[in-house]
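No experiment lies behind these values; they were computed from the predicted model shown.
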Amino acid sequence: MTERFLTVGSLLRNEELLKYKREIEKRDDIVYPFYDDFAGYKECEDKAVADVVERQIAAGLPEITDGEYSKSLWHLDFVWGLAGVERYIRESGYFFEDKDCCGKFETRRDIGLRLVDRLSGKNHPFIDHFKRLKKLVNGRAAIKQCIPSPSHIFGEIISFGFLEDSYYKNEADFEKDLIRSYKEFLDDFKNAGGEIIQFDDCLWEQFADEGDSSQFDGQARDNKNLALAEKYIAINNEVIDYGHDLGLKVYTHNCRGNYASRHFGAGTYDSIADLFLEKQHYDRFYLEWDDERAGSLNSLKAFEKNKDAEIVLGFLSSKTPDLDDEKRALELLDQASKIIDKDRLYLSHQCGFASCDNGNELSQDQQWTKITQGQKIAEKFWNN
C-alpha cells in the first residue's frame, strides 16, 4: 500500500541548479521566469526536472510534481508570473523562529511585490512548466501542480501593505481581479491537460487562539479576525468551486512555515477546525502534524461534516536529517483511523523538503531515505 504515502510537492535541488537560484535571489532587475537573464539556466532546469521526475517514478510515488524546481519560493513565483506584478528586494525578508526558539531567523529579501497594472492569470509561465512535466511523465503517474491559495496571496499583499500606492485604489477591486486571475490560470491549466491543482496556504494559523507569533497580526481570534477568516474561506471556495466546474481535483496543503528547517508560527488545528477544515471545499487536505504545535487529532472530527474530503496526515518531518519515529507515526495513524475512516487517510511529511530553493538542512540522499521510510510505514499500517 505504498500509494498511501504521498509527498507534499517540493524536493531538494541539485547544486548545479542552486548556482542559478542564488544569483536570482540577489537581483531585482530581472523578469520572471528569468531564463533570458542567465545563459544556461533553462537547460539546467530542464535537466534537473527530468532527473527528479525519473527519481519519483522509480520510487513508485503515485502522484508527482516537478519537485517545484522552477520556483525560488513556494508562493511568490506564481505571483511574479501574473501580468501586472513586479518583484523587488525589500529591506527585510520574512522572520521565522530560529532553531533555539529564542530568536528570529530572517529569510531572503526578494519578496517585494508591486502591483503596477491590472492582474491577469493568462499565459502564465507555470503552464509551460506543467506541459514540460506532463511530457516527461508521459502517463506513467498522476501529476499535480502546486500554487499558493488565492486567500494566501490576498492576505499577504494586504498585510504587507503592497496594495498601497498600487494600481488598485481599493481592496474590493483587487480581490475581484485576483479571483478572476486564478480562474484564468485554471482555464489554461485545464486546456493544457491539467487534472490536479494544489493550493498551498500558510495563513490559517493566523486565526488560531495560540497564534501569537503570527507575522500578519498575531492576535487571538476575535470578531474582526473571524470575519477575515470567513473572507479567506470565501475567496478560496469561489476558486475551488470554479476548478470543480472545470473537472479538476483541488487539493490544499497547510503549513506553519518551512524555510531552512525553521518554522514560522504556532497555532493548533483545534481552534480553527470549524473554519478551515470544515468549511473549505477541497478534495484533499495535506495537514501538518510533525510536532505539538498542531494540537490534538480531535480536530479531525471537523471532517465528519466534510465527508468527501481525503486527509493526508503530515506525521513525519521534512525538516530533520534523521529518520522519523516509526512507533509515533503508527500510533498517530491508529488514533486518526478511529476518527476518520482509514480509506480516507494518507501519510506524508508535514511539508515539502524545499519550499524555497535553498531547502531544508539535509542531503538529497537523506531526503530519499526518509521518503522510503514513509512508504514502509504506510505499507505496514494499511496492510494490517
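Note: H124 and F185 have perpendicular aromatic rings, judged against thresholds of 30 and 60 degrees for the angle between ring planes. Between F285 and Y282, the ring-plane angle classifies as perpendicular under the 30° and 60° cut-offs. Aromatic ring pairs are classed by plane angle as parallel below 30°, tilted from 30° to 60° and perpendicular above 60°; the pair F154 and F174 is parallel. By the 30° and 60° cut-offs, the orientation of the rings of Y35 relative to Y41 is tilted.
Ion pairing between D324 and K370 holds under the 4.0 Å rule for side-chain N and carboxylate O. Between E23 and K26 a salt bridge is recorded (basic side-chain N to carboxylate O distance below 4.0 Å). Salt-bridge formation is not detected for the pair E68/R13: no Lys NZ or Arg NE/NH1/NH2 atom is positioned less than 4.0 Å from an Asp or Glu carboxylate oxygen.
Cation-pi contact between R114 and Y88: present, with separation from the ring centre below 6.0 Å and deviation from the ring axis of at most 45°.
Annotation: W80 is not in aromatic contact with H75 [ring centroid separation under 6.0 Å not met]. Between F276 and F207, a ring centre-to-centre spacing shorter than 6.0 Å is recorded. Between W204 and Y232, the ring centre distance reaches or exceeds 6.0 Å. The ring of H281 has its center no closer than 6.0 angstrom to the ring center of H244.
At most 12 heavy atoms of other shown residues, nucleotides or ligands fall within 6.0 angstrom of atom CG in N123. Around NZ of K301, the count of heavy atoms belonging to other residues, nucleotides or ligands within 6.0 Å does not exceed 12.
Looking at heavy atoms from C-beta onward, I64 lies in side-chain contact with V53 at the 4.5 angstrom threshold. Side chains of E63 and Y346 form no contact here, defined as non-hydrogen atoms less than 4.5 Å apart.
A donor-acceptor pair under 3.5 Å is absent between the side-chain atoms of E156 and the main chain of H152, judged by distance alone. Counting only distance, with no hydrogens or angles, the side chain of K135 and the backbone of F130 share no donor-acceptor pair below 3.5 Å. In this structure, the side chain of Q364 engages the main chain of L12 through a donor-acceptor pair within 3.5 Å.
Between F78 and the choices F126, F189, Y32, the ring-ring contact (aromatic ring centres under 6.0 Å, His included) rule is met once, by F126.
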